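A short write-up of the structure that comes next.
Every value quoted in this text rests on a predicted model; they were computed, and no experiment measured them.
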Number of protein chains: 2
Amino acid sequence: MLYFSVLSALLLLAAGSLAQPTPTFPPFTDPTVSYYAPGIPIETPLPGNYGNYLRPQVHYSPSRYFMNDPNGMHIAPDGTWHIYFQYNPTDPVAGNVHWGHAASQDGYTWTNQKIAIWPPNDYTSVFSGSAVIDVNNTSGFFPDQDNGVVAMYTLAEYPNGTAGNQYQAIAYSRDGGYTFEAYEGNPVINRYNTQFRDPYVHWYAPGGYWVMVLAHSVEFKVEFFTSPDLKEWTAQSNLTRYGVQAVQYECPNLIELPMEGQDEPVWVLQLSVNPGGPLGGSTAQYFPGAFNGTHFEPYDSLTRFTDFGKDSYAGQFFNGIPPGEEQIVMNWASNWQYTNLVPTGNEEYGQFRSAMSVPRCVSLANTTSPASEQTYNWISKPCAIDTVFDTVLASNDTLDNGTVLVDYRDLESGAIYLEVTISNLTLDNPAGSINFTASSSLTGEYLQGGSVVGGVIWLDRGHTYLFPNPLFTDKMSVNGFFGEQSNGTWSMSALIDNSVLEVFGPKYSPAGTASFFPEAPLDTLRIDVGSLAPGATASVQVWGLTATWLDQADENGTVIGNVTQSNGTNGTSPGGYRRSVKLY
Amino acid sequence: MLYFSVLSALLLLAAGSLAQPTPTFPPFTDPTVSYYAPGIPIETPLPGNYGNYLRPQVHYSPSRYFMNDPNGMHIAPDGTWHIYFQYNPTDPVAGNVHWGHAASQDGYTWTNQKIAIWPPNDYTSVFSGSAVIDVNNTSGFFPDQDNGVVAMYTLAEYPNGTAGNQYQAIAYSRDGGYTFEAYEGNPVINRYNTQFRDPYVHWYAPGGYWVMVLAHSVEFKVEFFTSPDLKEWTAQSNLTRYGVQAVQYECPNLIELPMEGQDEPVWVLQLSVNPGGPLGGSTAQYFPGAFNGTHFEPYDSLTRFTDFGKDSYAGQFFNGIPPGEEQIVMNWASNWQYTNLVPTGNEEYGQFRSAMSVPRCVSLANTTSPASEQTYNWISKPCAIDTVFDTVLASNDTLDNGTVLVDYRDLESGAIYLEVTISNLTLDNPAGSINFTASSSLTGEYLQGGSVVGGVIWLDRGHTYLFPNPLFTDKMSVNGFFGEQSNGTWSMSALIDNSVLEVFGPKYSPAGTASFFPEAPLDTLRIDVGSLAPGATASVQVWGLTATWLDQADENGTVIGNVTQSNGTNGTSPGGYRRSVKLY
């Protein structure tokens, strides 16, 4: 059995990396028309079952079928968080891509929305892109409002089923991001290029214009554009050949991040690559540098990763957060090596695939190690995670060397957050270790992680057994930072949410993300603190988290989502074409 | 039990990455004097047991105790291969470093030699470095010979047990690399720098001088030097901040590699980093670029890895091979995250730790993917592996979709080499997969690897159970290349040598190295070829390899090594100081 599943699994992976046949370029169809494949709800989200033990409860996952890259992330002027995502609404595998949509008031509790962006015809997918609030109506789409949303995305043609042209289009929403109309002037950028995608748009305040970056995926190149109005784009510069030599560049972000110890934020290019990440498959990197409004120049040639886990890809920063503040990113918590095969795609688990990370608040800091000090460490923490604290499962401020045991079998969400802090460490003798194990009382499976003061931070998903895939790497690790900036403390936290693990080391140290798939729910937590230096002390807190999805579900675990944005055309598409909804 | 071993294991890892206390600098002792710690044989190698089932039989491993980086690698004018290595001759953990030594006529069959280089006093270790043949007697050490050997290495002081000065010294050998005398003018480079090490020297023919590169380990910097005579060194340039942002740079190599499709070789800087490799711990990278005799400029800012496995570090290229030919490298097949803990250090396994890779013949090639074509793929194959072919265990030139089973329980070496080639593939439909599994009939443990045409190449050591360490990552993978340069073939080979696995994908694709530790010998091989494209064919060959170590061993598995280089002072050191052996 293993052989057959391994073979078929791996064969699925081969297709993407091979030479493409010469593409054909069909004529553009009416850009204001949408194609609705049969059987997909148009004016409501798909309902989905969130009641299974593998379903994350404080992470976003699609109601049903397949999700990949986060798209169009923004926080609206009214405070509503919007995430869109690459979405196949008909199958739990990648393909047939639309922009799915969900909204939230807190970044953790999400309401599924109807599909936001549809393809213009039946041979085109709506690939990744971003969205901005056009406060000043630079686009002219919003004569009467200051909260209009413009989405920019790639339309990827597959004439005759083979990869063809990838071009850039925009669509606008006058109802706060729920309903989009395609711009009649689409495409806004078209070069008849088959590997040219993922526009990320951001307002460049010093110049009073929009900047956009997108990927020439197989040329190790990102290109920078500017625009006064989101419609007319001027190519300004290219950045080539940075980061890991992988196969494809995807999902660039250009963002300003606050930097500890200085007033000015630092420009960062975030870039995902797949396949060819060092852990296999997908990975994401960042490059701090200088941006003058048209050209980006990295400060150095180092490759820095945004996460040490294997399941953190295509991260996108939210638009709508003022420069200078911590910026918020969400990553796709999966990996192209196996995402089409993970067990949650089975009917019994709700037939969904992939989750997003929780929102992470990101800033930069230089540390005193190495000697050169220009480290630009990526500091990321779950944003206001206490938003979803439901119950205190354990609290011990004087643990020192010792163990904490928690039985959380009765926790509705099955999701916990633990935090361990070692204090009163000295630079001369910074000793101590933290280990956690979440195990299943039913099967004995367990998920582990840990860290050593000043040393390694690690996680191990290899003792959960529902997904025996040869590419599903079990162990990931990174080195953490302990130095004079650490103020004598070393901490570690972990968010264990049914099938998603996020591990956060002490400040200045990377986070790690890994999906995991046990055969039965994890329900027992053990935390060990050991080998503390003399005088050091440890504290442990464990919280049970809110069941944000079950709280919306009926008794069968089914979540309906938002059906109030309907435009009077509820029901399932009979298939065919329709002009974009006119809201005005 | 697991908890205790995990805790103690991880605490060992913390020390290296912390802030160092202010070093003290003792005065230099007589540079021509060696310190001999008590109980170490001076004029003979340590005997060791090579009879255990975990002992590699075609890989170099030390007779006993601990080995890390390869040093002083060269092929002498008489054709003898010499490897030196970081060696603790008193304990199976890192420390107390000398240069161990072994010699070979074929790169696979090694004869252990007496320790080559000793420290000058009891608070200094002999860290990594290189060796050259001073054919033209530029050094003046060799008035009567053209095969003199000069070793250049780092002396690392540990006054009062804490890390102190690291400075560069040389020693010369007039007997073909067996016995070295320290240069009376040592140190040749000294800056009272505590992170300044691993000189790699190479003859720069266009300039008629020596070039040397070494690492400023914690500054993300390598420095280039030149010398007319190996004694006087002129600092020429620095290269900073390339590759993965890890913690320490180590073991740079500057070498010319032949490049497919062009006459001129390409300069490459190879650089190891630890900790902080993306898979955790140690990793190695390379940077193709231009070298003008004093300055090295990488062609781009990409990070490229020399191996996709977790156990390939500190590789060093052999001196003595003419430029323009394939160059030969050997890597240390372990990882600092766990090398001090692997089970072979136990008495029952011969109390040795770590092995080298087999010699790999390396060249570069640009592939047609990505579109930019400047890929500089690292092409590495085991050099003349047929040297150690002993028996044909299986041979099938018309396997196509199918399975080959091999029982190799009676193979003396326990070491096998398998090669699978798929031919007659087309660019339009390059389909097929290769899987291999080596399992133990006693325990059911197994080691796996495989590849998919045009897709992933993977290995999995996670089903061998003697070393349950949370940092001992089980699964590693990389993307292989299939394109028009592949001539319609896809191949995969694997060298499975008791506790070392080396996997080689098709040409243009990276190799992967992983140590592994089963509880019983692997003795059954299964190879599966499946899902071949119509018209494609497959062939499989499996060889049993020579037991190069057991062939030298007595009936107890003990290998004595070369005792004929004795200078009349056989026996074990009583401890204390002694002036370098004078051979003339």
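If you measure heavy-atom distances from B/Tyr242 to chain A, the contacts under 4.5 Å come from both the backbone and the side chain. If you measure heavy-atom distances from B/Lys310 to chain A, the contacts under 4.5 Å come from the side chain alone. Interface residue A/Tyr249: only side-chain heavy atoms are found under 4.5 Å from chain B.
Side-chain atoms of B/Asp474 come within 3.5 Å of backbone atoms of A/Asp474 as a donor-acceptor pair (strictly under, hydrogens ignored). B/Gln245 places a side-chain N or O within 3.5 Å of a backbone atom of A/Thr375 that can act as its donor or acceptor partner.
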Candidate pair A/Thr473 and B/Thr473, rule side chain to side chain contact (heavy atoms under 4.5 Å, CB included), full reasoning:
CA-CA 7 Å; A/Thr473 309; B/Thr473 309; 3.6 Å; yes
Are A/Leu471 and B/Val456 close enough, and set up right, to give a side chain to side chain contact (heavy atoms under 4.5 Å, CB included), and what steps lead you there?
CA-CA 9 Å; A/Leu471 304 178; B/Val456 73; 4.0 Å; yes
Please evaluate residues A/Gln374 and B/Arg241 with respect to the criterion side chain to side chain contact (heavy atoms under 4.5 Å, CB included), reporting the C-alpha separation (whole Å), side-chain torsions for both, the decisive distance (0.1 Å), and the verdict.
CA-CA 10 Å; A/Gln374 298 160 328; B/Arg241 309 179 79 77; 3.2 Å; yes
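Side-chain contact between A/Pro278 and B/Leu279: present, with at least one pair of heavy atoms (C-beta onward) separated by less than 4.5 Å.
Here the CG atom belonging to A/Asn479 is positioned 8.0 Å from the CG atom belonging to B/Asn274, to the nearest 0.5 angstrom. Here the OG atom belonging to A/Ser477 is positioned 9.0 Å from the OH atom belonging to B/Tyr338, to the nearest 0.5 angstrom. Rounded to the nearest 0.5 angstrom, B/Thr303 OG1 and A/Phe305 CZ are separated by 7.0 Å.
Between chain A and the residues B/Gly280, B/Gly449, B/Ser301, B/Gly462, the most heavy-atom pairs under 4.5 angstrom are made by B/Ser301.
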